Amino acid sequence: MVTLTLPDGSKREYEGPVTGAQVAADIGPGLAKAALAVKINGEVCDLTLPISEDSAFAILTGKDEEALDVLRHDAAHIMAEAVKELYPETQVTIGPSIENGFYYDFARPEAFVPEDLEKIEKRMHEIVQRNEEIVREVWTRSDAINFFKEQGEHYKAQIIESIPEDQDITLYRQGDFIDLCRGPHLPSTGKLGKSFKLMKLAGAYWRGDSKNEMLQRIYGTAWADKKQLKAYLHMLEEAEKRDHRRLAREMDLFHFQEEAPGAVFWHAKGWTMFQNLINYMRKRQDDAGYVEISTPTVMDRGLWEASGHWENFRENMFTTKTEDDRVFALKPMNCPGGILVYKQGMTSYKDLPRRIAEFGKVNRYEPSGALHGIMRVREFTQDDAHIFCTTDQLQEECETIIALVMDIYKDFGFEDVRIKFADRPEKRLGTNAVWDVLETALRGALDKSAYPYSYNPGEGAFYGPKLEFVLRDAIGRDWQCGTLQVDMNLPERLDVHYIDEAGEKVRPVMLHRALFGSLERFTGILIEHYAGRMPLWLAPVQAVVTTITSDADAYAEEVFAALKSAGIRAELDVRNEKINYKIRDHSHKKVPIILVVGKREADEGKVAMRRLGGKDQEILALKESIDILCAEAKGPLAGN
RNA sequence: GCCGCCGUAGCUCAGGGGUAGAGCGCACCAUUGGUAAUGGUGAGGCCGUAAGUUCGAUUCUUACCGGCGGCACCA
């Protein structure tokens with residue numbers, strides 16, 4: 001007797017072993033059709049797997065994310081089958097399900113071209129039509145290796161060789177196609193249905209290692225029904241509309257050009273946003289007990305050798321040689337400069353912690369393929385700071401910074417922030433004993449902060465472990481923004497000290513932290529986050545004054561002047577165009593407030609205030625409208 | 001850096017071995033219109049750069065530069 005307990009607590013009893021498919025059919029034909037997989041004692045399994053013990057049991061359909069996972073994995077297999085049928089010389093490697101879809105990596109001498117995707121997709125539909133049964137088989141290790149080697153599938157053979165000895169080797173057979181796979185899978189190819197689409201071609205390294213050969217990856221998306229697929233494709237279109245590169249053009253924020261790959265040409269409007277962010281951070285840092293400095297961009301090679309950058313960061317550094325053969329480097333980080341400022345004069349233990357901030361522009365030679373709009377550039381500005389403190393103060397300083405960064409992100413509407421803890425990398429300075437101290441302190445502060453975090457082994461900076469604060473952008477990409485690093489190595493290398501109570505020289509600990517991280521990247525994330533519709537305090541142009549007819553020009557000038565003198569970033573538009581045209585124009589440019597004035601407003605000393613995207617307008621006395629704008633324009637610093 | 005794709009007017013894009021076209025934008029003229037496109041006229045291009053093939057290259061080939069999508073790398 002097998003007793004299955006369903007999610008609603010009801011029980012079903014069977015004489016002997018039973019499959020999920022049978023149970024679904026018993027419950028109803030609709031469910032039998034919709035069933036994609038089952039969950040037995042919390043584990044997702046094949047519908048065809050015989051269940052012979054009492055279990056917690058659930059049927060998964062297209063509504064369950066876990067079933068979609070199975071479906072997408074099947075889509076990957078079906079794509080591989082299609083590719084093998086069309087291009088038999090191709091070797092298949094790995095093909096997992098991913099968020100929203102799947103991919104499969106292929107090894108093939110010729111490159112796939114975009115037209116191939118259409119053919120493959122067509123063949124996939126045929127395979128779905130054939131409704132091939134998908135059968136799970138357990139093979140011996142040697143049989144499986146020999147089989148794949150005979151088939152010329154050397155990557156598969158290699159994967160099997162790396163599977164731990166104690167694990168079963170399972171293969172899934174569908175039609176003539178057999179693939180190594182852990183499963184689970186759908187019972188037949190027909191279950192995939194029609195709601196999938198191949199999306200793009202890309203290169204990917206075998207086993208994710210750039211030392212290995214490059215494979216050809218095909219990405220696809222797959223869903224339980226047409227509606228889901230359509231919604232996803234629509235979401236992609238919407239995401240594209242808020243791409244910061246596109247909005248930057250429409251809003252006249254910045255541009256790039258060949259003469260300076262990976263470096264931003266800020267236009268006046270973009271620069272206003274950038275400066276607004278700096279002003280905001282300057283205020284927050286001032287409140288938090290920081291001072292602000294500025295250090296040179298170009299500094300002698302000797303400094304970088306002393307700091308360890310020459311040894312550990314050389315490939316990312318721009319260097320320059322002057323007429324007298326002296327070698328300089330453009331700073332890729334602000335820390336050595338900050339340390340040199342700290343070292344001027346004597347620091348007493350009474351002065352610690354010393355919190356020294358710098359909006360430092362750094363240059364890093366990033367790999368060309370990494371560049372991405374304003375999010376990933378070769379020249380960027382960090383809201384950097386270096387905090388020198390005693391070991392006793394270390395953990396508390398870390399806690400304060402974690403609290404500060406989270407509070408700052410909240411001001412921009414980012415509530416969902418992921419924290420990653422990264423420890424010692426292979427290429428590093430200092431002894432293991434020092435790293436032990438640093439990692440313990442940083443982790444301690446993190447634990448105390450009670451924010452959940454994930455572990456990023458071996459990803460620390462070369463001088464110390466770090467926390468990374470990660471925000472997710474509109475298109476679902478994750479961006480590392482803030483970072484907090486603790487460091488005893490650079491103070492050692494550059495001989496930093498303070499004088500303790502006994503009058504002895506003591507080595508301080510150093511914290512490196514950036515909260516926005518890169519001002520450039522943070523600006524980009526905000527543009528996408530707000531889809532260009534910046535909150536008033538950040539908007540480059542806060543209000544446009546415009547006229548219905550030229551009768552109101554003189555009054556519009558008055559309104560404009562009043563706004564300017566109240567500190568509002570305003571523009572005046574008295575072009576001889578229809579009001580519809582002007583509204584549309586400024587709406588496209590994402591101006592938050594349009595103040596329309598006609599003869600009526602001019603006569604009565606009023607304005608018609610219209611908000612971006614709004615349907616109607618409010619008629620207000622000029623003074624009142626200015627009060628509203630001024631109050632709103634203060635932004636999150638309003639309380640100060 | 002690696003794989004694939006792309007580079008034509010300010011923007012979005014069409015075209016194609018005989019030195020180019022649209023829409024939007026811009027300028028000018030007319031129009032003074034109450035909340036997301038008024039009409040007309042006109043100016044704008046060394047067809048990314050360099051070599052090669054050719055009588056002739058923006059078009060074909062190659063290399064380089066830059067961009068896009070991934071991978072790898074990272075704030």
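Values below: all heavy atoms of this structure, side chains included; hydrogens, waters and symmetry mates excluded. In the text below, chain A, chain B and the rest are named by the order of the sequence lines, each starting its count at 1. Keep in mind the model is a prediction, meaning the values are calculated, not measured.
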Check whether the side chain of [X] and the base of [N] form a donor-acceptor pair under 3.5 Å.
X        : N     : answer
A:Arg207 : B:A72 : no
A:Arg245 : B:C68 : no
A:Tyr205 : B:G70 : no
A:Glu366 : B:G1  : no

Aromatic stack A:Phe380/B:A75: centroid gap under 5.5 Å, interplanar angle under 30°: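 Stacking is present between B:A75 and A:Phe380, given that their ring centres fall under 5.5 Å apart and the planes under 30°.
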
In B:G39, glycosidic geometry as syn within 90° of 0 or anti otherwise: anti

Rounded to whole angstrom, note down the [atom1] distance from [N] over to [M].
N     : M     : atom1 : result
B:A9  : B:G15 : P     : 15 Å
B:A14 : B:A57 : P     : 25 Å
B:C74 : B:G17 : P     : 47 Å
B:A27 : B:A75 : P     : 45 Å
B:G56 : B:G69 : P     : 40 Å

Of A:Gln617 and A:Val113, the one whose closest RNA chain B nucleotide lies more 5': A:Val113

Along RNA chain B (nearest heavy atom to each residue), the more 5'-positioned of A:Ala608 and A:Val377: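 Going by which nucleotide is closer to the 5' end, it is A:Ala608.
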
Matching residue for A:His529 among A:Trp479, A:Phe414, A:Tyr409 - test: ring-ring contact (aromatic ring centres under 6.0 Å, His included):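 In the set A:Trp479, A:Phe414, A:Tyr409, the residue that makes a ring-ring contact (aromatic ring centres under 6.0 Å, His included) with A:His529 is A:Phe414.
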
Separation of [N] [atom2] from [X] [atom1] (nearest whole Å):
X        : N     : atom1 : atom2 : value
A:Met214 : B:C71 : CE    : C1'   : 5 Å
A:Glu577 : B:C26 : CD    : C1'   : 12 Å
A:Arg314 : B:G1  : CZ    : C1'   : 16 Å
A:His244 : B:C68 : NE2   : C1'   : 12 Å
A:Glu258 : B:A50 : CD    : P     : 12 Å

Nearest-nucleotide pick for A:Gln382, side chain only, options being B:A75, B:C71, B:U38: B:A75

Verify the distance criterion only: is there a donor paired with an acceptor across the side chains of [X] and [Y] at less than 3.5 Å?
X        : Y        : result
A:Arg355 : A:Thr400 : no
A:Glu601 : A:Tyr555 : no
A:Lys606 : A:Ser625 : no

Sugar-phosphate only, base, or nothing, as touched by A:Tyr219 at under 4.0 Å among non-hydrogen atoms: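 Contact class for A:Tyr219: sugar-phosphate only.
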
Stacked cation flag A:Lys427 on A:Phe462, 6.0 angstrom / 45 deg: no

